[in-house]
Amino acid sequence: MVEQKLEERLKEWFGFDSFRSGQKEPIQSILDKKDTIAILPTGSGKSLIYQYAGYSIPGTILIISPLLSLMDNQVMQLKKTGEKRTAALNSMLSLEERRLIENNIEKYKFLFVSPEMLQSNHFLNLLRTIKIGLFVIDEAHCISQWGQDFRPDYLFLGEVRRRFNNPLTLALTATAPEKVVNDIIAVLHLSKEQTEIHRNNPNRSNIFYKIVDTTARDKDEILLELLTEYPMPGIIYFTSKLQAEKINQFIRLHTSLRVATYHADRTNEDRMTIQKQFLENKLDVICATAAFGMGINKKNIRSVIHYHLPGSLEEYLQETGRAGRDGKQSIATLLYSYSDFSFKNRKNHETALDEQMMKNIYENKNSSLDDLSDSDRAMLQIVQYKKMNKQEAVLFVNNRIEEKTRQLFAMNDFAKTQECKRKIISNYFEHESQEKPFWCCSICNPNQAELLKEMPVTEPMIEKKDASLKNWKEIIKVLFLL
DNA sequence: CGCCTGGCACATATGTGCCAGGCGGTGCTATATT
């Protein structure tokens, strides 16, 4: 009876006849007033969960989002469906726009913010004047993945929750092994017993996992071979911007593929142009760093190649998971070289507070934050925020290095193992062994000549000119407000 | 836990051999300057 009601409202509010897999359970859990962690694949309609909740419960839905572009996307989508009570409060706003929103704060139903914004007292006080019906953390794996050594404000969200009197909370993510779920629970100060966790099967049976054992010397030539064989479009992931640029040139020189780079040094405008071209099948290959990912929803990516070893299986699964969203056969290829592992391992061990820094922190000297690397600065902020003493700080840093090392070794073991790759993934993400597809991995199917014949060739997408152009203009407008 | 690059010496006028040094990546926000 309740189920029928849920679906009636779905029809009424969103015009859909039925929920997609994995949407209904977390919605029910929220309606039952239980803190909820929902793990479901990208593209499965995560935002519908908090939108639905928004129409069912009183108060403002506050959504913490990691990227300005994601916030803009969500606001645009909501407005397109007629929901005007929506805003993103961030540094892109002009002073006037900001005032307008702040003066009418209680009128907004959906508010998007960055975790950094929630550290400003001005903003916290403003939000305490309204009732927060649901506290949503979108892309919640960022808590574990970015909070620890890159964006420390993610780690302070539990304190923010407490200041709002612990509102009903929903964490949404696509990839979360138990360690990440535990981090989310701990950081947000949720109760391990009372939080409902909804896990959906991440099995991507249409992705073939291939590992090529190689060396840095032979890599480029192997890559070239792969690119001539593989159907496109594809992404090549690098862990260095310089290398992405170099290989971009190399591919241009040796093939007729349409290729571009995407990383943090590209301007926002370039990034959007490239993303748009890729979406419209005007580019065959993107040479990218980890910057290319979240919020990119292209269905027909046939191939994801890792030029370098990712730092963790979480990262690897997120990136390979961008292939084959259309359900058709796709291929994930890792170009493994031992030197990449060894280099990364050394780098991980370098992220430590050195003697001078420790002195600066604990003798209250004003150490210049500008001289520090991002990860050192983040570490410093965490140490100061949590008021750790010297001993605790050393322990914290060592634990962090240990954790990173553990993740890297898990990734390395995955690459080197002679067992089924899919089985390792299932184990790591704590899922019961999944049914083995016919095309599984380079261990189960060492002879892959037939695989490529079965892969679909790129079909040109029918452009929805109206919609995409309109959005595009909106994005440009927002950009020029800078 | 490796591998590439650049500089230099060396034997010859361009190539070779050696050795030291270098070597990630994710983005908020605030503020000063055009």
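Throughout, a chain's letter reflects where its sequence line sits, starting with A, and its residues are numbered from 1.
The side chain of A:Leu68 approaches B:dC28 more closely than any other nucleotide in the set B:dG2, B:dG24, B:dC28. Looking at the side chain of A:Lys344, the nearest of the listed nucleotides B:dG24, B:dC28, B:dA30 is B:dG24. Among the nucleotides B:dC23, B:dT29, B:dT26, the one closest to the side chain of A:Arg346 is B:dC23.
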Review item, nucleotides 31-34 of chain B N/O atoms under 3.5 Å of protein N/O:
none

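Note: CZ (A:Phe341) to P (B:dG24) measures 18 Å, nearest angstrom. The CG-P distance, from A:Leu309 to B:dC3, rounds to 15 Å in whole Å. Nucleotide B:dG27 holds its C1' atom 14 Å from the CG atom of A:Asp72, rounded to whole Å. With rounding to whole Å, A:Asn345 atom CG is found 12 Å from B:dG2 atom C1'. One atom, CD of A:Gln148, and another, C1' of B:dG27, lie 17 Å apart when rounded to the nearest Å. Rounded to whole Å, the distance from CG on A:Leu155 to C1' on B:dC28 is 14 Å. At whole-Å resolution of the value, CE in A:Met117 and C1' in B:dG27 are 14 Å apart. Taking atom CZ of residue A:Phe343 and atom C1' of nucleotide B:dG22, one finds them 9 Å apart after rounding to whole Å.
Pairing partner, B:dC18: B:dG7, with both Watson-Crick or wobble hydrogen-bond distances short of 3.5 Å.
Checking the phosphate oxygens (OP1, OP2) of B:dC4, a side-chain nitrogen or oxygen of A:Arg217 falls inside 4.0 Å. OP1 or OP2 of B:dT29 sits under 4.0 Å from a side-chain N or O of A:Ser114.
Between A:Phe278 and A:Phe292, the angle of the ring planes goes over 60°, which puts this pair in the perpendicular group of the 30/60° scheme.
Counting non-hydrogen atoms under 4.0 angstrom, A:His263 reaches the backbone sugars and phosphates but no base. Looking at heavy-atom distances under 4.0 Å, A:Lys241 makes contact with sugar-phosphate atoms alone, never a base. Using a 4.0 Å heavy-atom cutoff across all strands shown, A:Asp153 reaches no nucleic acid atom at all. In this structure, A:Arg271 reaches the sugar-phosphate backbone alone: every heavy-atom distance under 4.0 Å involves primed, P, OP1 or OP2 atoms, never a base.
When only modelled atom types and interatomic distance are considered, A:Asn281 and A:Lys298 share a side-chain donor-acceptor pair under 3.5 Å. Donor-acceptor pairing under 3.5 Å is recorded for the side chains of A:His141 and A:Thr173. Side chains of A:Arg128 and A:Asn125: a donor-acceptor N/O pair is present below 3.5 angstrom, by distance only. A:Gln318 and A:Thr175 share a donor-acceptor pair across their side chains, judged by distance under 3.5 Å alone.
Not counting sequence neighbours, the partners of A:Tyr307 by the ring-ring contact (aromatic ring centres under 6.0 Å, His included) test are A:Phe238.
Between A:His306 and the choices A:Tyr316, A:Tyr209, A:Tyr336, the ring pair (Phe, Tyr, Trp, His ring centres under 6.0 Å) rule is met once, by A:Tyr316.
Sequence order on DNA chain B of the closest nucleotides to A:Lys246 and A:Thr289 puts A:Lys246 first from the 5' end.
Electrostatic pairing of A:Lys179 and A:Asp183 counts as a salt bridge here, judged by a charged N lying under 4.0 Å from a carboxylate O.
To the nearest whole angstrom, the two C1' atoms, one in B:dC23 and one in B:dT29, are 30 Å apart. Comparing the same atom, P, in B:dG25 and in B:dG21 gives a spacing of 23 Å after rounding to whole Å. Using P as the reference atom, B:dT5 and B:dG24 are 13 Å apart when rounded to the nearest Å.
For the pair A:Phe150 and B:dT26, the ring geometry qualifies as stacking, because the centroid separation is below 5.5 Å while the planes lie within an angle under 30°.
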